[in-house]
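For ligands, and for the atoms within them, numbers begin at 1 and follow the listed sequence.
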Amino acid sequence: MSGEVTWSELTSQPDAQRALIARLLSGALKLPVSLDDFDEILLLGSGTSYYLALALADWMRRRGRAARAVPSCEVLLDPWETRESDTRRLAIGLSRSGKSSELILAEKKLSDAGFVTLGVSCTEGSDLLRVSDHGLHLPEGYEDGLVMLRSFTSMLVAVQWLSGTAEDHKALAQLPEQGAALLANQADAITKAANAREFNRFVFLASGPDYPLALEAALKIQEMSISTSEAYHSLDYRHGPKACADDKTAVVIFALSDREHGLSLARDVKDLGAAVIVVGQDAAAYADVADLTVAGSGVLSAGQAAALSILPAQIFAFATAMRLGCEPNAPTNLSKVVVF
Ligand SMILES: N[C@@H]1[C@@H](O)[C@H](O)[C@@H](COP(=O)(O)O)O[C@@H]1O
């Protein structure tokens, strides 16, 4: 079947998280450095791994750490990040393959500039783990397929856990079960929604901890279904991009923290003729306006639910690839890793 590898990796995410959490609970998986030893944390990666960096920087900032994300290529091309500094700085490089050239070169550059470096990768013995001062290997996220699915959520949950509180651990421990329930109960409805119209424009709107997920969702549609897609900070959509919406547009909204603003945005999008799909912990509140809602249990914060909230978008991208006759494991013009 077309898409077999991708679908099996997509649906294996709850199991991968379960295995990861068992290792975290047993204490076998630990951070090789103490985050408390650093004044500043820079997270970097390319493609999906950059969006992962954005999500983790947001997570760490909300837990009181001075964390930022930059794409690896900017470290390479913009000397700003490697300026001299007396602060204690940690660079966390994220990469499924541990091979992306920009990241390897950026980690070396940051190391020369005085950063302590930590590499997080799903690939044993990868270049990233070798060139970094410290390494965190997460085999649970390893994938044969081209698109990053399980690797994204595995690296996300592991680093969230390792930089989170006891309360976060309780919340994150619920992810495997909730993910499995979402796949069992809602994958068909999401697939149906993706096939409801001949969509040719895909828009993802989100705010706060969900914004990196909107970027990742847009990338998944591009990679799997070779379609152009867009992601915006939620209310910014009204400031221009909405001009392009029509009845062939699918707009996925990650439920906003402010329900009133979220509902008003969803109504506006609906009035443009677009199909509206709302995902996330508060999605049920949008049932009257949305074509489909994929709700969470409502007990997790948006950040804690990130590995769950991305699932509907991954399923939607996969279903769109199938509708358009694309093999998501062999996208045009793309390789699994960019090495130069
Ligand atoms: N086409 C792939 C992307 O899908 C991937 O997100 C990126 C980062 O890969 P890695 O995490 O292995 O560094 O590399 C390539 O560009």
Side-chain angles (χ1 to χ4, degrees), residues 3 5-7 9-10 13 16 20 42-57 69-77 91-110 117-132 135-159 202 204 212-229 231 306-307 310 313-314 317-318 320-321 326-340:
V5 172
T6 307
W7 184 250
E9 290 180 345
L10 194 163
Q13 291 178 94
L20 197 58
L42 192 66
L43 293 114
L44 57 155
S46 301
T48 291
S49 294
Y50 169 55
Y51 302 146
L52 173 64
L54 280 174
L56 289 172
V70 283
S72 321
C73 64
E74 290 301 326
V75 175
L76 206 60
L77 303 172
I92 304 183
L94 303 154
S95 172
R96 169 175 71 171
S97 65
K99 275 203 330 209
S100 293
S101 291
E102 297 103 304
L103 178 61
I104 305 301
L105 294 169
E107 283 271 292
K108 286 186 188 153
K109 225 175 154 183
L110 291 169
T117 56
L118 165 65
V120 180
S121 174
C122 303
T123 311
E124 194 170 14
S126 58
D127 295 348
L128 177 66
L129 297 178
R130 268 193 309 100
V131 303
S132 303
L136 193 66
H137 173 221
L138 303 173
E140 294 84 354
Y142 182 82
E143 283 156 330
D144 288 321
L146 193 137
V147 287
M148 291 179 66
L149 301 162
R150 182 168 77 196
S151 52
F152 175 72
T153 50
S154 296
M155 290 193 275
L156 177 66
V157 172
V159 181
F202 304 90
F204 297 89
L213 304 183
L215 295 168
E216 169 58 5
L219 185 68
K220 288 291 86 84
I221 283 267
Q222 287 165 6
E223 292 186 324
M224 287 202 231
S225 77
I226 323 297
S227 304
T228 33
S229 60
I310 194 64
Q314 293 174 341
F318 181 86
T320 302
C326 298
E327 167 48 75
N329 203 27
T332 325
N333 303 342
L334 271 187
S335 54
K336 192 170 171 182
V337 193
V338 176
V339 178
F340 50 79

Is the shortest heavy-atom distance from the side chain of F202 to the side chain of Q222 under 4.5 Å?
no
Do you know which two heavy atoms are closest between S151 and E143, and how far apart they sit?
OG-OE1, 2.8 Å
Are any protein N/O atoms closer than 3.5 Å to the N/O atoms of ligand 1? If there are, list each pair with names and the distance to one decimal place.
| residue | atom | partner | partner atom | Å |
| --- | --- | --- | --- | --- |
| ligand 1 | 1 (N) | S335 | O | 2.9 |
| ligand 1 | 4 (O) | E223 | OE2 | 2.7 |
| ligand 1 | 6 (O) | T48 | N | 3.0 |
| ligand 1 | 11 (O) | S49 | OG | 2.6 |
| ligand 1 | 11 (O) | R96 | N | 2.8 |
| ligand 1 | 12 (O) | S95 | OG | 3.3 |
| ligand 1 | 12 (O) | S97 | N | 2.8 |
| ligand 1 | 12 (O) | S97 | OG | 2.6 |
| ligand 1 | 13 (O) | S95 | OG | 2.7 |
| ligand 1 | 13 (O) | S100 | OG | 2.5 |

If we count only N and O atoms by modelled type, under 3.5 Å, do the side chains of T48 and K220 hold a donor and an acceptor together?
yes
Validation row: L76, S72 side chains within 4.5 angstrom (heavy atoms):
no
With a 4.5 Å limit on heavy-atom distance, are the side chains of I92 and L56 in contact?
no
Is there a side-chain contact between L149 and M224 (heavy atoms, below 4.5 Å)?
yes
